[in-house]
Structures are given as C-alpha cells and as structure tokens.
Amino acid sequence: MTTAIHSVPGDPEATYEGSGDFERWPALLRERGLRVTKQRLAVLDAVAENPHQPAEAVHAAVAQKLQEITVQSVYTVLHDLTAHDLLRRFDPPGSAACYETRTHDNHHHAICTVCGRIEDVDCVHGEAPCLEAPPSLGMTVEVADVVFRGVCKDCEAARNAA
C-alpha cells in the first residue's frame, strides 16, 4: 500500500499519514452517522493494513502516527466502529479479540496453531463449512462462526526442515 499525507475532512489543521484505503473512510463514517476524526481514520487504516490484530497491536500501529492516542481511546474507537459495522470483531478461542474491515459478508477464519496467523475462509452457504440453523431455532442467524485450527504451510515447512 502506498502512504500519503491526507488532511482530515472538517478539520483543516489536522493531517494524517495513511494508506491508499484512506480515501474511502470519511464517506463511510458519514454514512454511518459518525464524525470524521483523525483517531477513527487512523484506527480504520491500521486495521485495514493489518487485519486480525488485537486492540493492543492496533494501538501500537496507530501510536506510530498519532503519538498522543491512548490505549483506552483505541478501545473506544474500535467499539464505536464495530457498533456501526465499519469493523468486525472476531473472538478467536483462547485469544484476545481481533478486528478486521471485512464486514460485508459472513466468512470464517483459519488459525495456525503454531504461529497464530489468521486467514479468512470464504463462506459457502448451504455447504460445508457453513452451518444452517434449524427452522425450529426461531431465530434469524446473522453470523455462523466456524474456526479452523491447523498448521500453516510456512510452519509445516519449518517443521519438516528441522
């Protein structure tokens, strides 16, 4: 991704160094009824650049560009952006919650049990690995979380080389 200096819409004094995805964030924030702030833009950009990271990693990435931002501010922004469907929160078993900008579909995740890398797995409705809730459930299911756990090809290659 390319990096460029952007001005924050509505705040002519504020600038932010962001990726190419930066241009779409202000319109999406406004669509969801949120003010455009450099903190929100920085968090969206950090999550887009490195999806599946916990809040502390998001804070570390954002703090490189906005030194004054606190961990609590990042948690607040993550919560707001998740509540407005700009981010998706994913809770890997036994790990801290992770965040991603892929919110438009129901997809699953694969986690390497050696290095912890998380990859997206597209959902195929009506076929494995997706699940269909029985009609007797009496609920409209919005998300079916399936987590695949295994060893990624890089870790497998390292194991075989040892």
Side-chain angles (χ1 to χ4, degrees), residues 1-113 115-125 129-131 133 139-149 152:
M1 276 188 200
T2 57
T3 300
I5 303 295
H6 304 276
S7 60
V8 175
D11 187 352
E13 300 298 314
T15 59
Y16 173 75
E17 186 178 336
S19 73
D21 282 339
F22 183 88
E23 299 300 331
R24 67 188 181 120
W25 301 139
L28 289 172
L29 286 164
R30 286 189 196 98
E31 265 179 36
R32 303 302 191 327
L34 294 170
R35 280 186 333 114
V36 177
T37 66
K38 63 183 177 181
Q39 293 84 358
R40 287 179 177 148
L41 294 172
V43 168
L44 283 165
D45 219 33
V47 174
E49 287 178 2
N50 289 300
H52 308 125
Q53 299 297 312
E56 289 77 13
V58 174
H59 174 258
V62 171
Q64 290 179 8
K65 297 173 184 176
L66 301 175
Q67 289 80 22
E68 73 280 2
I69 197 161
T70 65
V71 174
Q72 184 57 49
S73 292
V74 169
Y75 272 103
T76 300
V77 171
L78 288 168
H79 175 74
D80 290 346
L81 296 175
T82 301
H84 287 86
D85 202 29
L86 286 162
L87 294 180
R88 178 180 178 192
R89 178 184 163 137
F90 164 61
D91 294 294
S95 299
C98 297
Y99 297 87
E100 62 187 343
T101 57
R102 186 174 171 184
T103 62
H104 64 281
D105 65 351
N106 179 31
H107 65 278
H108 308 299
H109 297 95
I111 303 171
C112 178
T113 57
C115 68
R117 187 174 86 202
I118 300 173
E119 296 290 336
D120 289 335
V121 177
D122 289 332
C123 184
V124 181
H125 291 283
C130 290
L131 307 174
M139 176 185 298
T140 302
V141 175
E142 295 176 352
V143 175
D145 283 326
V146 173
V147 177
F148 298 92
R149 293 187 213 183
C152 71

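Note that this is a predicted model, so its numbers are computed, not measured.
- Here Y99 pairs with nothing under the ring pair (Phe, Tyr, Trp, His ring centres under 6.0 Å) rule; sequence neighbours left out.
- The stretch residues 47-78 participates, sequence neighbours left out, in these ring pair (Phe, Tyr, Trp, His ring centres under 6.0 Å) pairs: H52-H109.
- For residues 84-93, the side chain to side chain donor-acceptor pair (under 3.5 Å) pairs, not counting sequence neighbours, are R88-H107, R88-D145, R89-D91.
- Take E119 and apply the salt bridge (charged side-chain N to carboxylate O under 4.0 Å, His left out) test, not counting sequence neighbours, and it matches R117.
- In this structure A57 satisfies the side chain to side chain contact (heavy atoms under 4.5 Å, CB included) test together with Q53, P54, sequence neighbours excluded.
- You'll find the side chain of V47 reaches within 4.5 Å of the side chain of L78, heavy atoms only.
- Contact check for L44 versus L29: side-chain heavy atoms found under the 4.5 Å cut-off.
- Side-chain contact between F90 and V147 is present, with heavy atoms from C-beta onward closer than 4.5 Å.
- Using a cut-off of 4.0 Å between Lys/Arg side-chain N and Asp/Glu carboxylate O, E31 and R24 are scored as not salt-bridged.
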Test log, rule side chain to side chain contact (heavy atoms under 4.5 Å, CB included), inputs R35 and R40: CA-CA 9 Å; R35 280 186 333 114; R40 287 179 177 148; 3.7 Å; yes
For T101 and L87, what are the C-alpha separation, side-chain angles and deciding distance, and is it a side chain to side chain contact (heavy atoms under 4.5 Å, CB included)? CA-CA 5 Å; T101 57; L87 294 180; 3.7 Å; yes
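- Counting only residues at least two apart or in different chains, salt bridge (Lys or Arg N to Asp or Glu O under 4.0 Å) contacts with residues 52-63 are absent.
- C98 and I118 get closest at one heavy-atom pair: SG-CD1, 4.1 Å.
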